[in-house]
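Along the sequence shown, the residues carry numbers beginning at 1. Because only heavy atoms are used, hydrogens play no part in the values below, and waters and symmetry mates are left out as well, while side chains stay in. Atoms within a ligand are numbered from 1 in the order they appear, just like the ligands themselves.
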Amino acid sequence: MKKILYPGSFDPVTNGHIDIIERASKLCDKIIVCIAINKDKKSMFSTDERSIFLKKVTQHIDNIEVNTFDGLLINAVKEFDACAVVRGLRAVSDFEYEFQMALMNRELDSECETIFMMPKTSYSFLSSKLIKEIAHNHGDVSSFVPPIVVSALKEKM
Ligand code: PNS
């Protein structure tokens, strides 16, 4: 069984993440969406909340598992028995960081492969960070995130 691991903060999940999940799910037997538990990084939503959102918004995908990981990504790849990591590339500006991360992961574990996927062009400017900023300033985020996240952001504000 070919499994692909899609790691990230998903704080919160955006339509761009969902687009990548849908595309990647067609390339493998199973896609494992893995939420990073980063105790040093302040997040708006708890790991449980992020997991609930991800499970709800991907109900239409059969071959998906939503899980979490702590520590190094290379260890999660081994633990979940994934053959590759998938990361979304929105623009050239993402490339340098993603390239560095992919190469470092392969340096740490020579078997760790990374696949880059481009989301729909209309999502290329989307990021969880901007969504939080817009929501914080009472802007409309309904075209960028699923309804469950819109409601959760309204509640948080
Ligand atoms: O959605 P994000 O915040 O861009 O995701 C980044 C993430 C969580 C995938 C990355 O920070 C990560 O892999 N963290 C785990 C720790 C790790 O392995 N660091 C070394 C990377 S070379």
For atom 14 (N) of ligand 1, closest protein heavy-atom neighbour: F69 CZ, 4.3 Å
Donor-acceptor pair, side chain of R87 and main chain of T114, under 3.5 angstrom: no
Atom indices of ligand 1, in the order listed, that fall short of 4.0 Å to a heavy atom of G71: 15 (C), 16 (C)
Element-labelled atoms of ligand 1 that are located less than 4.0 Å from some non-hydrogen atom of A36: 8 (C)
Neighbour count above 12 (heavy atom, 6.0 Å) for M118 CE: no
Nearest candidate to atom 20 (C) of ligand 1, where distance is taken over non-hydrogen atoms, out of D11, L73, L72: L72
Nearest protein heavy atom with distance in Å, relative to atom 7 (C) of ligand 1: R87 NH1, 4.3 Å
K56, NZ atom: more than 12 neighbouring heavy atoms under 6.0 Å: no
Residue and atom name of the nearest protein heavy atom (relative to atom 11 (O) of ligand 1), distance in Å to one decimal: Y97 OH, 3.9 Å
Within-shell test, Q100 vs ligand 1, heavy atom, strictly < 4.0 Å: no
Contact with ligand 1 for S128, non-hydrogen, under 4.0 angstrom: no
From the candidates K41, M101, R106, the one that places a heavy atom nearest atom 10 (C) of ligand 1: M101
R23 atom CZ, neighbour heavy-atom count above 12 within 6.0 Å: yes
Trace of the side chain to side chain donor-acceptor pair (under 3.5 Å) decision for D140 with S142: CA-CA 6 Å; D140 179 13; S142 57; 2.7 Å; yes
Flag if over 12 foreign heavy atoms under 6.0 Å of CD, E79: yes
Point-to-point distance, once rounded to the nearest 0.5 Å, from OG1 of T68 to CZ of F10: 12.0 Å
Those atoms of ligand 1 less than 4.0 Å from some heavy atom in M104: 22 (S)
Residue F125 excluded, over 12 heavy atoms near CZ under 6.0 Å: yes
Test of proximity, E98 against ligand 1: N or O pairs below 3.5 Å: no
For atom 2 (P) of ligand 1, the option (of P7, C34, S9) bearing the nearest heavy atom: S9
